[in-house]
Structures are given as C-alpha cells and as structure tokens.
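For reference, the structure is listed below as structure tokens.
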Amino acid sequence: MFSSYQEVQDRFDSQQYICNQETATVVYLASQMQRPLLVEGPAGVGKTDLAKVLASSQGLNLIRLQCYEGLDETKALYEWEYSKQILYTQILKDKIAETLQEVSTLSEAVERISTEEDAFFSERFLVARPLLKAILSDEITVLLIDEVDKSDPEFEAFLLEVLSDFQVSIPEIGTLKARQIPLVVLTSNNSRELSDALKRRCFYLYLDFPSTEQEAAILKKKVPGLDDRLLRQVAEALASMRKLDLKKPPSIGESLDWAKALVLLNADRLGPEIIRTTLPTLIKYPTDRERVLKDLGRILPREQEET
Ligand SMILES: Nc1ncnc2c1ncn2[C@@H]1O[C@H](COP(=O)(O)OP(=O)(O)O)[C@@H](O)[C@H]1O
Ligand SMILES: [Mg+2]
C-alpha cells in the first residue's frame, strides 16, 4: 500500500507512467479509503494503463473486465460449467442408475436425484468470471472494469450492487464475501452518462490530454533516442494539433508512435516534409490530415519559421 501521494508518483514513474500530483493524490486516497476510482476522459490518455500500473507498481494481480454492449452476469460474475456437468453425469451413469434403482415413477426419480444435486452445483462446476475472481482472491487485486460506458445501464446497476458490498449470492451455494477488498478502477470514454448512483460510490478522476511538459516527460521516458530539442518540438506540435478541432486529436499512444517514427527516420527537427511523411502514425481521418497540412504554419516550431 502507498504511504503518500509522492510514493504513488515515484512508483508509477518507475513503471514508466508519469502522473501529476492531482492524479497521484486521488489514486492514493482511493487505495487508502478502499473506494472505487472512476477515470473518465478521451481515448488514449492513459486510463487503462493507470490501472495496470497501479497493479504492477505494487506487485498485485490485475483482473480485467472488458465491458461491451450485452455484457451480462454470466460473463462478468460466474456461470455453471454446463459441459463439465454433463461429462460428470456421463461418467457417473452407473452410480446414478444405482441411486435410482428402487424408484418406479418418474417423479420419484426426480425427487431422488434432487437430493444429490448439490454435488453438481458446487464450486467445482463454477466458472469464475472477473468479478467473482476478484472476490475469491486471497490477495488484494486490482480490478479493472474497463470502458464501463459501453455496457448497458442494467449491467451498471448490477455492478453497483457488487461494488457496494463486495459479496455475491449464488442461489445454489450461498453468499460469497470478498476475502480482500480489491482496488477497483473503472474507466469510461464518456460515450454515455453514467448513473449518479455509480458516481456516488466512486472517487472521480478526469484524465485529459497531457500538458506539454507532461507529454515531454512521457516521451522522454518511453522513446529512447529522441533528442531534447526534437522532443520539445514534438510536444509543442502535439499541443497545437489538439487545438485544431480535429475529429480524432492525437492520443498519447499516437504521440508515442509518432516520436518513435521520427527516431527511426533519423529526424533531428520538425519540418513540413517529415511531418507529412509521418502523419499516418498520428492522424487517422482524411479530413484531419487535410486540416493539419493546411495549418502546418501553426504546428511547425517557431524557430523553423524563422530559418
Ligand atoms: N501518463 C502516462 N505516462 C506514460 N505513458 C502513458 C501515460 N498515459 C498514457 N500513456 C501511454 O499511452 C498509451 C495509451 O494509454 P491507454 O491507457 O491505453 O489509454 P486509454 O485507456 O485512456 O484509452 C499507452 O501506451 C500508455 O502506456
Ligand atoms: Mg483504455
């Protein structure tokens, strides 16, 4: 467990994740106070990675639930392993016949079998999905509920129940209570509003595109071989591009690709030609490409314009 927000920053830094004081503080508080952390923001700003790094920086297991439309309890919590149950009944055919030896009617047979049904509805035949895995884990885990805005509102309501008391009732088995409360990170790209009830349960972090300094720090950490002058030019160019009202502004993932491409092509400064050739790593819509090329003057480093 972290002892301060500075420790969060340091440990994240050693996992190559740069975070500012605000992010480090909310991460620290959420882990200390055992509250789920809801992280919202545009795609590619480090929401998923935050959860991964929260786990790796403390040597904890990461359990990930990827949300999508139609996701339900059987994929998120548990389901019975039907094929294994069938297999066992096949193998135990003789034993079952023995149990039914003296009964004469169908309803008697059903009655008799029902006294044995516990054998087939035990943990042995249960497939634990991510939420149950986190509840059953003996160790503290990081539970990442990724892109929760893609799930249906009904699923969100169910999730709220799980997050409120970290226990689940399985009718055939009983109530299973979390042995360790997991550190929960939910992420959302904001494709729909999440319920107030869910938000009340969570601490909230809005991750936006990074500041120029923060982006430069990320690039410096993750792209070896990028010299300091180019690094600064790249970070500033990215900031200018994000002001252009593009359909898909470059994310951090894309800016890392761009910087790596510039290193591979031995660029030492940003000029119109190198920007044009490397845009496919960065810009993913024809209209955005046009826009960037049209506004190159705003993106090129100032010293470039002077020369
Ligand atoms: N603050 C950061 N420090 C270092 N790398 C980062 C940071 N934020 C994002 N990244 C990198 O950017 C990429 C996209 O991040 P990701 O977590 O997948 O974004 P999101 O989940 O918000 O869409 C990943 O390669 C991640 O490592
Ligand atoms: Mg993500």
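Here, residue 1 is the first one in the sequence, and each next residue gets the next number. Numbering of ligands and ligand atoms starts at 1, following listing order.
A salt bridge is defined here as a Lys NZ or Arg NE, NH1 or NH2 lying under 4.0 Å from an Asp or Glu carboxylate O, and D295 with R298 meets this definition. Between R129 and E73 there is no salt bridge, since no side-chain N of the basic residue sits under 4.0 Å from a carboxylate O of the acidic one. Comment: D138 engages R179 in a salt bridge, judged by a side-chain N to carboxylate O separation of less than 4.0 angstrom.
With respect to atom 18 (O) of ligand 1, the closest heavy atom belonging to the protein is T48 CB, 4.2 Å. In terms of protein heavy atoms, atom 26 (C) of ligand 1 is closest to D49 OD2, 3.3 Å. Taking atom 4 (C) of ligand 1 as the reference point, the nearest protein heavy-atom neighbour is Q16 O, 3.2 Å. Among all protein heavy atoms, the one lying closest to atom 20 (P) of ligand 1 is G44 N, 3.4 Å. When hydrogens are left out, the protein atom nearest atom 10 (N) of ligand 1 is I252 CG2, 3.7 Å; that is the closest non-hydrogen contact. Protein heavy atom nearest atom 22 (O) of ligand 1, with residue, atom name and distance: K47 NZ, 2.7 Å. Closest protein heavy atom to atom 3 (N) of ligand 1: I18 N, 3.0 Å. The protein heavy-atom contact nearest to atom 6 (C) of ligand 1 is K222 NZ, 3.8 Å.
Surrounding CG of D49 are more than 12 heavy atoms belonging to other residues, nucleotides or ligands, all under 6.0 Å away. Annotation for I91: atom CD1 counts as buried by contact number, over 12 foreign heavy atoms lying within 6.0 Å.
Both tests pass for K84 against the ring of F125: distance under 6.0 Å to the centre and angle within 45° of the axis.
For a distance bound of 2.8 Å, the N, O or S atoms of N189 include none lying that close to the Mg ion (ligand 2).
Taking 4.0 Å as the cut-off, C19 does not count as a neighbour of ligand 1 on heavy-atom distance. The closest approach between a heavy atom of I218 and any atom of ligand 1 is below 4.0 Å.
Interface of G253 with ligand 1, defined as ligand atoms under 4.0 Å from a residue heavy atom, comprises 12 (O), 13 (C). Atom numbering of ligand 1 starts at 1 in the shown order; those under 4.0 Å from a heavy atom of G46 are 8 (N), 9 (C), 15 (O), 16 (P), 17 (O), 19 (O), 20 (P), 22 (O). Numbered from 1 in the order shown, with element, the atoms of ligand 1 that lie under 4.0 Å from a heavy atom of A43 read 23 (O).
The nearest pair of heavy atoms linking Y5 to A24 is O-CB, 3.6 Å. Heavy-atom minimum distance, Q233 versus R269: OE1-CA, 3.4 Å.
At a threshold of 4.5 Å between non-hydrogen side-chain atoms, the residues L238 and W258 count as touching.
Between F158 and F155, the angle of the ring planes lies from 30° to 60°, which puts this pair in the tilted group.
The distance criterion of under 3.5 Å between nitrogen or oxygen atoms is not met by N189 with respect to ligand 1. Residue L50 places no N or O, backbone or side chain, under 3.5 Å from any N or O of ligand 1.
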